[in-house]
**Q** 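Sharing a structure with you now.
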2 protein chains.
Amino acid sequence: MASIKDVATKAGVSTATVSRVINNHPSVSVETRREVHSAMDFLCYVPNRSAVQLNGKCSGLIGVVVPNLINPHFCELLASLEEEARYVGKSVLVKTHQNQPFQDKQLVRTLVGMGIEALIWVPTEAESSLSEWLLSTGVNTAVVTQTSRFFNSVSNNQERGAETIAEHFIDIGRTRFGFIGQDGVDNRKISAFCKKALSHGHRVEKHHGYWIPKGDGENSRGHIHSLDSIVDKITSREDKINCLLIYNDVAASYVIEKLRRKGGNVPGDIAVASFDNTIIAQVMNITSIAQPINEMGKLAFELINKTEKYDHIDSIALTTKLIVRESSLGMTVTKI
Amino acid sequence: MASIKDVATKAGVSTATVSRVINNHPSVSVETRREVHSAMDFLCYVPNRSAVQLNGKCSGLIGVVVPNLINPHFCELLASLEEEARYVGKSVLVKTHQNQPFQDKQLVRTLVGMGIEALIWVPTEAESSLSEWLLSTGVNTAVVTQTSRFFNSVSNNQERGAETIAEHFIDIGRTRFGFIGQDGVDNRKISAFCKKALSHGHRVEKHHGYWIPKGDGENSRGHIHSLDSIVDKITSREDKINCLLIYNDVAASYVIEKLRRKGGNVPGDIAVASFDNTIIAQVMNITSIAQPINEMGKLAFELINKTEKYDHIDSIALTTKLIVRESSLGMTVTKI
DNA sequence: TTGAAAGCGCTAACAC
DNA sequence: GTGTTAGCGCTTTCAA
């Protein structure tokens, strides 16, 4: 690897001059500048970031921590963040915590040790002692997808989204409401869903709500084990539900497939709606709550820069949009 | 932020001793070690990675360059690499080149400048001058998904996969073959497909083969513009094809949807098969060529460690597997 | 407009 | 066992 010294020698100048050229310092003659540039090109010179960093410059590293990269939702988020980072000349260091708080802690610490300038974080849990430590390190942090007591955050109004789904179900004449949610993650949105249903006279029966236990994460192919028995229970009950809210697209696609295999008609018998509006919802024609992912990415970057300027905490909640598709409305899909 | 000097002063020893304690060097007395540790604790000392790196130590950084993060195929690959990296205590620096050779060059250079220990690379083009420079930098590199003249690589036997698809189409009695491929990327697999078809007496007519031009990348939602007009052409021709190979799942899901919207029956009129077997193929029931993604991830990590030990180039080609689903066989899906 | 030289925080010979 | 010292590659005064 060519160093600044090699370039200086090749161009017949001092390292200081090369440094000036690199940093576009005005006080370098056009002639010299040209000379240095061609030397850099010839040697395929790339400045060593560590050395630059050591002089108090920024590391160019942005840490991104997401639950997993199996769910296309987080991939979309990462794609948006990577694009934003590339745009502003930063690099993204990705880590997945697989919904394990222990991993979460480890990863964030590792990232801080690597000298990240900022952290964009989808935490395992809403709050934790880790947050306080993180705050003390002074690393600019933005929480994404959730709100936080400690950091700026950008999330979606999921409660409102859940209400929209309830309203949609009511609009299409559904009466017996059911849901599938992740315990400890989706409680608020599920609660909003139930309340809205109730306000229209539809009580969500306790035995029509299914919770994925905390331990049951997605496996390497994104499969949730509990879903199988849940579908069994849904189809075997006497008082069947006729509409179902599912916490995300991936789970919904699995449940719909399973319901159909068991002879159920979606949306005929059960209308289904879910969250995220990923590519899965698009190809499977699932009614879903869309989040403005790209906007979230942009805002996350804005928030990390705001951290040091203001002493109050920004919690941005973006509005979501219900995308109605066949899983809750329209043509009935039947297998002949 | 406390530095090693502060710790040394606080503990009443030299910086060298502190360094020894940090690196668990055996020749430090228990007493001194204890002293130093408590000083580190007191000052909340965290070693500065840049300084460590500058001394030629490993950065713990693995660069990963993929075309995009929209196609679930690359997300799966990234997920596998991230998991592997986490397992061996390394961090992944992701970059996407969006199939632009110019980006590719920029990104690889940036990554090298950041002091990556190794690069796992899905290049824009099979070979380029960039490879030679990269080779000269001595960064251990593994090419994934393609083969390379310069670096170890792990890829799939895509030609064999394409042949398998041709054989499958023949098995189910199809006669008029068509394909959609990406120009400059899929030439070899398409060629294998055509040859295999021909060897069974089915010539793939020139006007039944469609190429996505090089410029037409996936947009932010993964949509390929050329696909629209291709579907129009496919459905409007007099001598219609009755089987179609498509270069990947994402494109296939779009084409199938479009064909069905236009009244086409898949697989009744046209059997469709594609590559990658991502979650999209699973939920859409598309016959697809599965790649052993996790194995690829593991092998990529093995290959980067092999680079410096041997002077020959390893090109591992894994075997793929045809997963037959409804898009080419089985129940006909109709909309009522 | 340019060069010499002093560090940034850490490691690793080499002394003692 | 421990300290001294010379860098790693770069930036940045300070002089010239």
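Throughout, a chain's letter reflects where its sequence line sits, starting with A, and its residues are numbered from 1.
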**Q** What residue pairs, at least two apart or across chains, pass salt bridge (charged side-chain N to carboxylate O under 4.0 Å, His left out) with a residue in residues 38-55 of chain A?
**A**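 Pairs touching residues 38-55 of chain A that pass the test: none.
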**Q** Which pairs with one or both residues in residues 95-106 of chain B pass salt bridge (charged side-chain N to carboxylate O under 4.0 Å, His left out), sequence neighbours excluded?
**A**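 Found none.
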**Q** Does the side chain of E117(B) pick up a donor-acceptor pair with the side chain of N140(B) at under 3.5 Å?
**A**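 E117(B) vs N140(B): no donor-acceptor pair found between side chains.
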**Q** Between E82(B) and T96(A), does any side-chain donor sit less than 3.5 Å from a side-chain acceptor?
**A**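 Yes, because at least one side-chain N or O of E82(B) sits under 3.5 Å from a partner of the opposite role on T96(A).
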**Q** Have a look at the helix from dT1(C)-dA16(D) to dC16(C)-dG1(D) and give the angle its two end axes make, five pairs each, rounded to 10 degrees.
**A**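 Rounded to the nearest 10 degrees, the bend comes out at 40°.
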**Q** Please check if the side chain of N156(B) supplies one atom and the backbone of Q158(B) the other of a donor-acceptor pair under 3.5 Å.
**A**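 Between the backbone of Q158(B) and the side chain of N156(B) there is no qualifying donor-acceptor contact (under 3.5 Å).
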**Q** Do you see a donor-acceptor pair shorter than 3.5 Å between the side chains of Q98(B) and N68(B)?
**A**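 No donor-acceptor contact under 3.5 Å links the two side chains.
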**Q** I want to confirm an ordering. Mapping T17(A) and S27(B) to their closest nucleotides on DNA chain D, which one lands closer to the 5' end?
**A**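 Result: S27(B).
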**Q** How would you list, by chain and number, every residue that makes a side chain to side chain donor-acceptor pair (under 3.5 Å) with S29(B), sequence neighbours excluded?
**A**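 With neighbours one apart ignored, the set is T32(B).
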**Q** Can you give the first and last nucleotides of DNA chain D, 5' to 3', that have an atom under 4.0 Å from a heavy atom of chain A?
**A**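 The footprint of chain A covers dG9(D) to dT13(D).
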**Q** Does dT2(C) have its OP1 or OP2 closer than 4.0 Å to a side-chain nitrogen or oxygen of T32(A)?
**A**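 It does, given that an N or O in the side chain of T32(A) lies less than 4.0 Å from OP1 or OP2 of dT2(C).
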**Q** For nucleotides 6-11 of chain C, read 5' to 3', which letter fits each nucleotide if B means a protein heavy atom sits under 4.0 Å from the base, S means only the sugar-phosphate is that close, and - means neither?
**A** -BBBBB
